[in-house]
Amino acid sequence: MLNPSRSRTQPRPTRSHPLGGMDYVDPKKKNGVVGKILLAAGLTAICILMLKQSPSFNTPSPFSQHETGVTHVLVTGGAGYIGSHAALRLLKDNHRVTIVDNLSRGNLGAIKVLQDLFPEPGRLQFIYADLGDPKAVNKIFAENAFDAVMHFAAVAYVGESTLDPLKYYHNITSNTLGVMEAMSAHNVNTLIYSSTCATYGEPEKMPITEETPQLPINPYGKAKKMAEDIILDFHKNSDMAVMILRYFNVIGSDPEGRLGEAPRPELREHGRISGACFDAARGITNGLKVRGTDYKTPDGTCIRDYIDVTDLVDAHVKALNKAKPGHVGIYNVGTGRGRSVKEFVEACKKATGASIKVDYLPRRPGDYAEVFSDPSKILRELNWSAQYTDLEKSLRVAWRWQKLHRNGYNPSMASI
């Protein structure tokens, strides 16, 4: 029998009692949690207030807004050989420059050179991005106030294009379409497009004028022509200012020795003849391979129009300055004089002072016998003409950079 007078010797513990599917928590614990939340919220508010009072918080990036008297140029492929030289010239001319490059062919070392030369805020920014990514491209245009685009970014080796044509159609044609869509969406109305004489193919008559039919014979030339067609079709219903520059074989480097050509080692066999000559002169390769000696030319080798990169960049700057809303300008950029591969090799030997072994091999697929320009239109309309026309001198300037940059832009491998 239970004793009703018996008292508890231990106090009853405090417990939460479930009621209606809910737990009633100890009020002291609840107040502690609320206090911590309020403290965190207060600290967050203080941090936000401090940030807003910071001068840099309320000051937008100079790249994100238009500025009177300053032209902000997007340079695609600006870490590459031609693009980096163009960026250098634009910066020297006091333009604001944004470089976009995925570094698949370009060099971060070239960007570093430009950053060291122009460290002032609002002059130069580099964005690592792939033009084949539409979201990334749209984000770049959304966050920056571009006044013009110089579109250099492209794979650009004729031989490689015959081996991997899909890469060329995607990289050149599709990516140009993406750039045009972004320009249209964000009201960027000036385009300087880097095209090529390869769009002409192998014309029956020389020299090549802008009216020469475009009948490209390799995927590189075809992809570039398709990109041109996209640009021209879009322009029919647009006020965009468009300049298309079809240039010939590029040589040389910055006369002051700040930039040069540094292709990736795995691409040497597809690269420019100047790079191949320099590699042979430095002993990196066992001689120079000349492909094709049975063309219908005076010495049997291909004839090309070699344009110095400094002249080429000058043509781009003049095109930018002369670009007019609603107008399309199409120009050949060359010297107007053709030189054979054998002539080029002899000039390279003199420029380097090296005895270069030459191996003569069968033709390379997709090559054409003779190509040189008639530059009279660009002289007449843009007041441009090539100034660096001494082939040996251009090669000597480029050779000077090559000797000091045996491993490209990596200073640890430089040889004096």
Side-chain angles (χ1 to χ4, degrees), residues 80-82 84-85 105-107 109-110 113 156-160 247-293 295 297 299-313 335 337-364 367 386 388-416:
Y81 169 44
I82 301 170
S84 62
H85 282 78
R105 299 288 167 97
N107 292 277
V113 169
Y157 295 134
V158 168
E160 184 190 36
Y247 46 88
F248 290 66
N249 294 66
V250 188
I251 60 170
S253 64
D254 171 45
E256 296 183 39
R258 295 163 295 188
L259 298 170
E261 182 178 12
R264 301 212 178 281
E266 65 271 18
L267 297 170
R268 281 194 170 106
E269 68 174 290
H270 298 299
R272 295 179 178 84
I273 186 174
S274 55
C277 277
F278 295 146
D279 286 345
R282 292 187 300 174
I284 294 175
T285 57
N286 185 27
L288 176 66
K289 298 176 181 178
V290 173
R291 299 183 181 275
T293 59
Y295 290 100
T297 60
D299 64 20
T301 61
C302 295
I303 290 177
R304 298 289 182 266
D305 189 340
Y306 296 100
I307 176 76
D308 192 287
V309 67
T310 302
D311 281 328
L312 178 59
V313 166
T335 66
R337 178 183 176 186
R339 312 283 188 91
S340 75
V341 171
K342 282 186 177 179
E343 285 182 86
F344 188 96
V345 172
E346 290 306 311
C348 189
K349 287 179 179 179
K350 292 178 182 178
T352 62
S355 178
I356 299 173
K357 176 188 173 185
V358 182
D359 294 324
Y360 294 98
L361 303 173
R363 296 184 184 189
R364 183 175 61 177
D367 267 343
Y388 296 83
T389 56
D390 185 322
L391 183 58
E392 184 183 331
K393 186 175 180 180
S394 289
L395 292 174
R396 196 180 304 122
V397 170
W399 173 242
R400 187 165 61 240
W401 189 90
Q402 293 289 327
K403 285 196 299 179
L404 295 172
H405 300 82
R406 184 176 176 84
N407 196 40
Y409 284 93
N410 184 350
S412 65
M413 293 295 290
S415 61
I416 306 301

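Numbering of residues begins at 1 and proceeds along the displayed sequence. Below, all heavy atoms of this structure are taken into account, side chains as well, without hydrogens, waters or symmetry copies.
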Locate the shortest heavy-atom distance separating [X] from [Y]; write the atom from each residue and the value.
X: Tyr295; Y: Cys302; value: CE1-SG, 3.3 Å
X: Val397; Y: Pro255; value: CG1-CA, 3.9 Å
X: Ala110; Y: Ser84; value: CB-CB, 4.0 Å
X: Ser274; Y: Leu395; value: CB-CD2, 4.2 Å
X: Glu160; Y: Arg105; value: OE2-NH2, 2.8 Å
X: Val313; Y: Ile82; value: CG2-O, 4.3 Å

Problem - Residue pairs passing the salt bridge (Lys or Arg N to Asp or Glu O under 4.0 Å) test where at least one lies in residues 348-357, sequence neighbours excluded - result: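 For residues 348-357, and leaving out neighbouring residues, the salt bridge (Lys or Arg N to Asp or Glu O under 4.0 Å) pairs sorted by first residue read Glu346-Lys349.
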
Which residues pass the side chain to side chain donor-acceptor pair (under 3.5 Å) test with [X], not counting sequence neighbours?
X: Arg337; value: none
X: Thr297; value: none
X: Asp305; value: Thr335, Ser373
X: Asp299; value: Thr301, Ser340

Taking only residues two or more places apart in sequence, or in another chain, which ones meet [X] in a ring-ring contact (aromatic ring centres under 6.0 Å, His included)?
X: Tyr247; value: His316
X: Phe344; value: Tyr306
X: Trp401; value: His405, Tyr409

Please name all residues satisfying salt bridge (Lys or Arg N to Asp or Glu O under 4.0 Å) with [X], sequence neighbours left out, ordered by chain then number.
X: Arg291; result: none
X: Asp254; result: Arg258
X: Lys342; result: none
X: Glu343; result: none

Atom pair [atom1] ([X]) and [atom2] ([Y]), whose distance is rounded to the nearest 0.5 Å:
X: Thr352; Y: Arg400; atom1: OG1; atom2: CZ; answer: 14.0 Å
X: Thr389; Y: Arg339; atom1: OG1; atom2: CZ; answer: 7.5 Å
X: Ile303; Y: Asn249; atom1: CD1; atom2: CG; answer: 12.0 Å
X: Ser394; Y: Asp311; atom1: OG; atom2: CG; answer: 7.5 Å
X: Arg282; Y: Trp399; atom1: CZ; atom2: CH2; answer: 6.5 Å
X: His85; Y: Leu259; atom1: NE2; atom2: CG; answer: 5.0 Å

Exercise for the section: Look only at the side chain of Asp308 and the backbone of Thr310, and say whether a donor-acceptor pair between them is shorter than 3.5 Å. Expected result: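 Side chain of Asp308 to backbone of Thr310: a pair is present.
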
Practice task
Without swapping roles, check the side chain of Asn107 against the backbone of Ala262 for a donor-acceptor pair under 3.5 Å.
Solution key: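 Confirmed, Asn107 side chain pairs with Ala262 backbone.
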
Practice task
Answer whether the closest heavy-atom distance between the side chains of Ile251 and Arg272 falls below 4.5 Å.
Solution key: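 The answer is no; the side chains never approach within 4.5 Å.
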
Exercise for the section: State, with a plain yes or no, whether a side-chain heavy atom of Phe278 is found less than 4.5 Å away from one of Cys348. Expected result: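 Side-chain contact under 4.5 Å: yes.
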
